[in-house]
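Since the structure comes first, as structure tokens, the remarks are kept for the end.
Numbered from 1 within each chain, the chains take letters A, B, ... in sequence-line order.
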Protein chains: 2
Amino acid sequence: MSLPSIETIVIIGSGNVATHFSGAIKKAGKKIIQIYSKHPKSAKQLSKEYAAEFAGSVNDLRKDADLYLLAVTDNAIEEVALSLKLKNRLIVHTAGSVSADMLKRSSADYGVIYPLQTFSANIPVDWKKIPVFIEASSKENEKKLFRFASLFSHDVHLLSSEKRKKIHLAAVFVNNFVNYIYSVAENMMKENNLSFDFLKPLILETAERIMANSPADIQTGPAIRGDKKVIKEHIKFLSKHPDQAMLYKYLSEMILKQNQKKQKK
Amino acid sequence: MSLPSIETIVIIGSGNVATHFSGAIKKAGKKIIQIYSKHPKSAKQLSKEYAAEFAGSVNDLRKDADLYLLAVTDNAIEEVALSLKLKNRLIVHTAGSVSADMLKRSSADYGVIYPLQTFSANIPVDWKKIPVFIEASSKENEKKLFRFASLFSHDVHLLSSEKRKKIHLAAVFVNNFVNYIYSVAENMMKENNLSFDFLKPLILETAERIMANSPADIQTGPAIRGDKKVIKEHIKFLSKHPDQAMLYKYLSEMILKQNQKKQKK
């Protein structure tokens, strides 16, 4: 018996995740039949772009789509899913830190399609290279979602909610925290009338060099050298920003500790 | 009166910085006449690669080169420079956090060529795009060094020691600290039997998206959303690593504060 494939999709949400998924689905040759969002303006625009019907309210939603894809904020997932009143249509969310179970009161058939990437408006992504993690309420739904995701990503995996949450935590470090550190540096440059652009080749290289190296193996800088003179001067430079000085101290100590551990091995 | 250009160079050091500068100098069509380092093995190898003479001791160094380029560790700069006994040949160091003055006892003509990039063995760099900051003991030496650096970089600037140190501090954030955060994430993935490779597209995208955006404008994640539920769960996940849990809390608080400041504006 061959498994029916996912052909028609309803998208709930109209933000960056919904927008990028719409692109992926179109590329996969599947049909977005409706788009609904609590932000009608962006939902209307997205519907137009993908020749989908714009649904003005949950009551206007069709009940016969093969897949309902939720791309709403984490805290809204359960409530929005319940409001769709689907019973037994396949519904998925796309969040890293939310259990698949959050959808079990909404439908007998549910799951997760979690793309490990950050999506911004107007920044195109290469879906083929994005790792996509699948979880579902049954083996059949797992297979369906796996096949579906494989149409746009070349890196699809089955993964439990528990493990997905750990990946999401690691993603918070390498995306949210790293971006915040970029913004601290941007501020520092501004305060000294220096262009943030000067740092951009270094930022790119720092990311690119770990594509083929373990970051622990290529750590450099005053902290790992134990260069107390430079560290002291840097902390002095940061005296107007006690928060940043504290962060500097804290990270330097952690780097030094990591190095001591490594040398003991 | 036309300024004599830098044609012959002696390199002191044989590590990653010395190696990458050798490549830059060769590309610029200038001649490395000698290489000296306290690590004779790597100095010999580098000499061979660039058809330069290998100097076994400081006493073997020629006194007539147009430029002596020091690429040694920060703390060794002054001592090594003095040991060369140059008096009035142009000598430069290449460090971000060391004042140009550190060389004034070594020669009447001194300066700094600071490339804002991280250099690793076997990872080629695109010198044209690397910002290079120049400082020198006189207008004439400034001009000489500026012209010399412009042969390999398209982004050369005059900059004081004070400002260069601020750039170096920002570089510690976007390179050393970011790399450390990558290593924390790598560890996290390992502990959960997940491949670090999964994070690589996200790491690259996080760097690439700030090429055209201010990082402060595109901050995402649980901290900026004030998503206490997810933050609490993440801190629980990190309970085996109190250091990492603390770092998570600290960065999340800083992101939240930054956001509050921004909204007040």
| query | How about B:F133 and A:F198: are their ring centres within less than 6.0 Å of each other? | reply | yes
| Can B:S214 and A:E186 be counted as having a side-chain donor-acceptor contact under 3.5 angstrom? | yes
| note | Ranked by heavy-atom pairs below 4.5 Å to chain B, first place among A:G96, A:A185, A:A170 goes to A:A170
| Under 4.5 Å from a heavy atom of chain B, the part of A:F196 involved | side chain
| message | Using the rule given for side chain to side chain contact (heavy atoms under 4.5 Å, CB included), can you reason through A:T94 versus A:V112, listing the C-alpha separation, both sets of side-chain angles and the distance that settles it, and then say yes or no? | response | CA-CA 6 Å; A:T94 54; A:V112 178; over 6 Å; no
| query | Non-hydrogen atoms of chain B under 4.5 Å away: do they reach the side chain of A:D155, the backbone, both or neither? | reply | side chain
| said: For the backbone of B:V98 and the side chain of B:R164, can you confirm whether one donor and one acceptor N or O come within less than 3.5 Å of each other? | reply: yes
| message | Under 4.5 Å from any heavy atom of chain B, what part of A:V174 do you find: side chain, backbone, both or neither? | response | both
| query | Which bit of A:Q258 is near chain B, if near means a heavy-atom gap under 4.5 Å: side chain, backbone, both or neither? | reply | side chain
| query | So how far is it from B:F119 CZ to B:N16 CG, rounded to the nearest 0.5 Å? | reply | 9.0 Å
| query | Which pair of non-hydrogen atoms, one from B:V156 and one from B:I134, has the smallest distance, and what is that distance? | reply | CG1-CG1, 3.6 Å
| said: Please identify, among B:V178, B:T220, B:D243, the residue contributing the most non-hydrogen atom pairs under 4.5 Å to chain A. | reply: B:D243
| query | Which atoms of A:L194 come close to chain B, meaning under 4.5 Å heavy atom to heavy atom: side chain ones, backbone ones, both, or neither? | reply | side chain
| remark: Note: vs chain A, highest number of non-hydrogen pairs under 4.5 angstrom among B:E162, B:R209, B:M189 is B:R209
| message | Given 3.5 Å as the limit, does a donor-acceptor pair link the side chain of A:H93 with the main chain of A:S99, or not? | response | yes
| said: Less than 4.5 Å to any heavy atom of chain B: does that hold for the side chain of A:M188, its backbone, both, or neither? | reply: side chain
| query | chain B heavy atoms under 4.5 Å from A:D227: which part of the residue, side chain, backbone, both or neither? | reply | side chain
| note | Pair count under 4.5 Å, heavy atoms only, with chain B: among A:P201, A:A212, A:A171, highest is A:P201
| request: Check each atom of A:I224 against the heavy atoms of chain B and say whether the ones under 4.5 Å are side chain, backbone, both or neither. | output: neither
| said: Any side-chain to backbone donor/acceptor pair from A:S153 onto A:P131? Under 3.5 Å, distance only. | reply: no
| field | Proximity breakdown for A:D197 and chain B, heavy-atom pairs closer than 4.5 Å | value | neither
| Within a radius of less than 6.0 Å around CE of B:M246, do more than 12 heavy atoms belonging to other residues, nucleotides or ligands occur? | no
| field | Gap between atom CD1 of A:I181 and atom CD1 of B:I181 - 0.5 Å precision | value | 3.5 Å
| said: Between B:I255, B:L159, B:L238, B:V230, who has the most heavy-atom pairs with chain A when the cutoff is under 4.5 Å? | reply: B:I255
| request: Would you mind telling me which of B:T73, B:N175, B:I130 has the largest number of heavy-atom pairs within less than 4.5 Å of chain A? | output: B:N175
| field | OG on B:S120 to CG on A:D217, rounded to 0.5 Å | value | 11.0 Å
| query | Given a strict heavy-atom distance threshold of 4.5 Å, which part of B:E233 is in contact with chain A: side chain, backbone, both, or neither? | reply | side chain
| message | Does any backbone or side-chain atom of B:K165 lie under 4.5 Å from a heavy atom of chain A? Answer side chain, backbone, both or neither. | response | both
| query | Quick one: what part of A:Y250 sits under 4.5 Å from any heavy atom of chain B, side chain, backbone, both or neither? | reply | side chain
| task | Among A:K163, A:E191, A:K129, single out the residue with the greatest number of heavy-atom pairs under 4.5 Å to chain B. | result | A:K163
| A:M254 portion near chain B, given a 4.5 angstrom heavy-atom threshold | both
| request: Find the one option among B:R225, B:E205, B:K229 whose heavy-atom pairs under 4.5 Å with chain A are most numerous. | output: B:E205
| query | Checking A:D74 against chain B: side chain, backbone, both or neither under 4.5 Å from a heavy atom? | reply | side chain
| Could you walk me through whether B:V132 and B:H157 pass the side chain to side chain contact (heavy atoms under 4.5 Å, CB included) check? | CA-CA 6 Å; B:V132 173; B:H157 306 266; over 6 Å; no
| task | Look at the side chain of A:N192 and the backbone N and O of B:K166, then say whether any donor-acceptor pair between them is shorter than 3.5 Å. | result | no
| request: Verify the ring-centre separation between B:Y182 and A:F173: is it less than 6.0 angstrom? | output: no
| chain B contact via A:I123 - which portion, at a heavy-atom distance below 4.5 Å | side chain
| request: Using non-hydrogen atoms and a 4.5 Å limit, figure out which bit of A:K257 sits close to chain B: side chain, backbone, both or neither. | output: side chain
